[in-house]
Amino acid sequence: MSETPTPTPNSHRVLVVTDAVEPTKSLRDAIRHRAETGDAQFRLIVLNPARAELHPLHPERHDKAAAAEVTLRSALPQLELAAGAPVIASVSVRHDPMDAIEEALFAEPVDEIILDVPPHHLSSWLHQDLEHRLAHFKIPVVTIRHGYKTHE
């Protein structure tokens with residue numbers, strides 16, 4: 001959606017994963033806090049808002065992602081203001097955060113992960129113990145919960 005920013009040699013690559021198409025205040029605050037602590041390049045992935053039980057190739061999954069992409073584009077200036085720099089952002093065709101994160105880690109290097117995926121209804125089943133499952137990547141994870149908490 002946005003041009004890829006050119007990171008400085010010491011730029012920290014931060015993967016931000018959320019299930020909210022409209023960025024929450026907590027997410028913006030976490031990005032702002034991270035940007036204030038040092039040079040960072042942000043890559044935001046919004047999980048697909050389609051029903052989790054749909055097959056990844058089901059047309060609804062792509063339709064929901066396209067609609068969410070429009071909303072995300074309008075919210076991008078808020079995120080870039082918080083980051084103090086351009087933010088790379090997209091909506092995943094994937095609903096499960098672990099799948100989306102693994103796909104991102106396979107595609108590009110990441111130094112840190114910020115998660116804004118609250119446990120609620122079906123997502124609590126999908127996201128249970130996500131931080132523990134991410135631990136094998138040995139990448140610091142910041143989880144947003146009424147503020148933010150770091151797990152390393």
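None of the values given here were measured: they were computed from a predicted structure.
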A.B. asks: Any heavy-atom pair between the side chains of L15 and E112 that's under 4.5 Å?
C.D. replies: no
A.B. asks: To the nearest 0.5 Å, what is the distance between OG on S74 and CD on E22?
C.D. replies: 5.5 Å
A.B. asks: Taking all non-hydrogen atoms of both residues into account, name the closest pair between P23 and R28 and its distance.
C.D. replies: O-NH1, 2.8 Å
A.B. asks: Counting distance only, does the side-chain N/O of E80 pair as donor-acceptor with the main-chain N or O of P86 below 3.5 Å?
C.D. replies: no
A.B. asks: Calculate, to the nearest 0.5 Å, the distance between atoms CD1 and CG belonging to I101 and D96 respectively.
C.D. replies: 8.5 Å
A.B. asks: Side chains of F42 and L79: closer than 4.5 Å at any heavy-atom pair?
C.D. replies: no
A.B. asks: Measuring only between side-chain heavy atoms, which start at C-beta, is I31 closer than 4.5 Å to R34?
C.D. replies: no
A.B. asks: Once you round to the nearest 0.5 Å, how far does CD of E102 lie from CZ of R94?
C.D. replies: 9.0 Å
A.B. asks: Might you point out which heavy atoms bring S92 and A65 nearest each other, and give the distance in Å?
C.D. replies: O-CB, 4.3 Å
A.B. asks: As a test of understanding, state which of I139, T143, V14 forms a side-chain contact (heavy atoms from CB on, under 4.5 Å) with I113.
C.D. replies: I139
A.B. asks: Side chains of V46 and T71, heavy atoms from C-beta outward: is any pair under 4.5 Å?
C.D. replies: no
A.B. asks: Sequence neighbours excluded, which residues qualify as salt bridge (Lys or Arg N to Asp or Glu O under 4.0 Å) partners of D111?
C.D. replies: R13
A.B. asks: Do any N or O atoms from the side chain of H12 and from the backbone of A40 form a donor-acceptor pair under 3.5 angstrom?
C.D. replies: no
A.B. asks: Counting only N and O atoms by type, is there a donor-acceptor contact under 3.5 Å from the side chain of T18 to the main-chain atoms of D116?
C.D. replies: yes
A.B. asks: Start with the C-alpha gap between E69 and V21, add the side-chain angles, then the distance that decides, and say whether side-chain contact (heavy atoms from CB on, under 4.5 Å) holds.
C.D. replies: CA-CA 8 Å; E69 196 82 39; V21 176; over 6 Å; no
A.B. asks: Does a side-chain heavy-atom distance below 4.5 Å link L47 with V17?
C.D. replies: yes
A.B. asks: First locate atom NZ of K25, then atom CG of D29, and finally report the distance between them rounded to the nearest 0.5 Å.
C.D. replies: 3.5 Å
A.B. asks: Just so I know, are the side chains of I114 and L44 near enough to count as touching, which here means a heavy-atom distance under 4.5 Å?
C.D. replies: no
A.B. asks: If every non-hydrogen atom of I144 is compared with every non-hydrogen atom of S26, which pair is closest and at what distance?
C.D. replies: CG2-CB, 3.4 Å
A.B. asks: Do L81 and I88 share a hydrophobic cluster, counting only Ile, Leu, Val, Met, Phe, Trp and Tyr and linking them when any side-chain heavy atoms are less than 4.5 Å apart?
C.D. replies: no
A.B. asks: Got L115 and L134 here, is their nearest side-chain heavy-atom distance under 4.5 Å?
C.D. replies: yes
